Each structure stands twice: as C-alpha cells, then as structure tokens.
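Given the structure is predicted, the values throughout are model-derived calculations rather than measurements. Below, all heavy atoms of this structure are taken into account, side chains as well, without hydrogens, waters or symmetry copies. Below, chain A is the first sequence line, B the second, and so on; all start at residue 1.
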Amino acid sequence: AQSVTQLDSQVPVFEEAPVELRCNYSSSVSVYLFWYVQYPNQGLQLLLKYLSGSTLVKGINGFEAEFNKSQTSFHLRKPSVHISDTAEYFCAVSLSGGSNYKLTFGKGTLLTVNP
Amino acid sequence: ETGVTQSPTHLIKTRGQQVTLRCSSQSGHNTVSWYQQALGQGPQFIFQYYREEENGRGNFPPRFSGLQFPNYSSELNVNALELDDSALYLCASSLIGEKLFFGSGTQLSVL
C-alpha cells in the first residue's frame, strides 16, 4: 500500500517570499503524484500532477513541483507567494496504470501568507 | 466552478440514523468517486463508481454504500451513523482514468 507524509502541518510566510511545501511518499510500485489546493469551504482543485517524463512539473498559479525518485519526494514550490495563496495544500499519490483513480492523500499543509 | 454539485451542503444527524448524500457529476463524466475528509485530515477514498458499477473501494465498512444512476449522478448512503462519521464528504467526477473534478462537499455532523 502507498502512503503520503506531508512534513509540515503549517507554513507561515510573508507575501512575495518563496515557499516550499514538502511531501514524501512510500510505495513499492510506480505511482502518479499530485498536489491539490483547498480554499475555505471549497472542494479540492488540482494544482499539478506528475505521471511520467520530466521530473519538474509546472502547474497553475505559478506553482511547480519536482519529483525525486531516489528521495521519494515531490515538494511543491512557488518563488513568490500572494495573500490569495493562503489555503490548505494536499499531496496525493495513486498507483500508476489501471482505470481506478484512487488517490491517497497526506494530511495537508496549511499555508498562511501574511502581508 | 467545476460543474460538480453536492447536496445538501450541511447536515446534522443523530447517532444510529441513516443519511443519503447526493452528487451531480460534471456533464459528460462517467465516473464518480467519494471521499471522506475528517477534521484536520486529508481526504480518504471511500469508493468509485464507473458506469453504475462499483470500481474500487477503500477501507470503509459495508454500511457505507453508493449508487450511480444512468445520468451519472450519484448517492452516498451511510447506515447506522457513528460519531466518527462526522466529516466533510467530497464527491469527484471524471472520465475514467482522467483528472478528478471535486465538488464543494457536504459537511455531516453526527450528534
């Protein structure tokens, strides 16, 4: 079975500062990797995903993530954050291949951007 | 706006009761997945339906059941509610194997 560990439950940063949200995963087979964002009182929105190919993945809203197979990590980064980036961020994995798109999520990281 | 709508948005039930949550999929999507998100936790996969058949199930007891209708809308039913069932229930629709589009969820409180 696969699992996801988000190393920080809360990350406070100042506006226009860079940010990195850390994610490590565990799986004995190949996986797909995802980052989702959840704004208050809303559902989840896909930021980016890694399926195969280039290990640097660019997503929406200026976010990017790098897949590191040797370290089993998929950290999310943004060079300059805005107040509007304040939200809960979830890292998730699913088994690669097959039609079942079951996602296993981490517990989330609350990003708070302060003025 | 994802096009996935869930109803009701909030619900309060008593332990032992039964509840039905509803989800209207985005137009054209043939797959619906349900997730449970407890307070302070990430979403947990309950099950997925594809063309009206269950297509995978997470570690949830049989009192969690579902239906998918020919128009691809869906229901999540929970029998014999327990206090720990209090959570945000998220529905996500997609084409099979494709990106999930999540609704805003139903917040269920069990007293």
Side-chain angles (χ1 to χ4, degrees), chain A residues 1-10 21-27 30-52 57 59-60 74 76 87-111, chain B residues 1-10 21 23-26 29-51 53-60 66 74 76 87-107:
Chain A
Q2 60 272 26
S3 66
V4 176
T5 302
Q6 292 186 241
L7 298 161
D8 306 293
S9 59
Q10 297 187 53
L21 306 183
R22 297 181 293 168
C23 172
N24 285 93
Y25 69 94
S26 173
S27 177
S30 295
V31 295
Y32 295 150
L33 293 155
F34 307 82
W35 275 98
Y36 282 84
V37 61
Q38 186 175 35
Y39 298 102
N41 301 314
Q42 294 187 28
L44 299 166
Q45 180 182 5
L46 180 66
L47 276 177
L48 48 79
K49 61 184 177 183
Y50 172 79
L51 304 182
S52 64
V57 180
I60 62 172
F74 190 55
L76 181 70
E88 188 93 32
Y89 291 80
F90 293 94
C91 181
V93 302
S94 73
L95 296 180
S96 62
S99 62
N100 189 341
Y101 219 54
K102 170 187 171 182
L103 293 170
T104 300
F105 286 88
K107 291 186 176 182
T109 297
L110 177 61
L111 173 65
Chain B
E1 187 66 39
T2 65
V4 179
T5 57
Q6 293 186 242
S7 63
T9 55
H10 295 83
L21 310 182
C23 174
S24 177
S25 298
Q26 183 162 313
H29 286 178
N30 54 18
T31 303
V32 65
S33 304
W34 285 90
Y35 287 80
Q36 180 197 65
Q37 186 177 11
L39 189 64
Q41 303 293 316
Q44 280 194 286
F45 177 73
I46 303 175
F47 43 56
Q48 182 186 80
Y49 279 80
Y50 170 59
R51 291 186 176 178
E53 297 286 332
E54 189 176 287
N55 185 44
R57 188 179 183 92
N59 189 26
F60 280 81
S74 176
L76 165 64
L88 179 68
Y89 288 85
L90 296 166
C91 165
S93 75
S94 68
L95 292 170
I96 190 71
E98 298 292 321
K99 172 184 172 180
L100 300 180
F101 290 82
F102 283 85
S104 298
T106 294
Q107 184 66 53

Spell out, as yes or no, whether a donor-acceptor pair under 3.5 Å connects the side chain of T106(B) to the backbone of Y89(B). no
Please classify the contact of Q38(A) with chain B as side chain, backbone, both or neither, using a heavy-atom distance under 4.5 Å. side chain
Can you check whether V31(A)'s main-chain N or O pairs, donor with acceptor, with Q2(A)'s side chain at less than 3.5 Å? no
Side chain, backbone, both or neither: which part of Y39(A) has a heavy atom under 4.5 Å from chain B? neither
Grab the two heavy atoms, one from L21(A) and one from W35(A), that are nearest each other, plus how far apart they are. O-CZ2, 3.5 Å
Side chain from CB out, backbone as N, CA, C, O: work out which of these in Y35(B) comes under 4.5 Å of a heavy atom of chain A, or both, or neither. side chain
With a 4.5 angstrom heavy-atom cut-off, which part of Q107(B) approaches chain A: side chain, backbone, both or neither? neither
Honestly, the part of L46(A) sitting under 4.5 Å from a heavy atom of chain B is side chain
Do you know which of G105(B), G42(B), P43(B), A38(B) has the most heavy-atom pairs under 4.5 Å to chain A? P43(B)
Nearest heavy-atom neighbours spanning T104(A) and V4(A): O-CG2, 3.5 Å
As a test of understanding, state which of F45(B), Y50(B), Y49(B) forms a ring pair (Phe, Tyr, Trp, His ring centres under 6.0 Å) with F47(B). Y49(B)
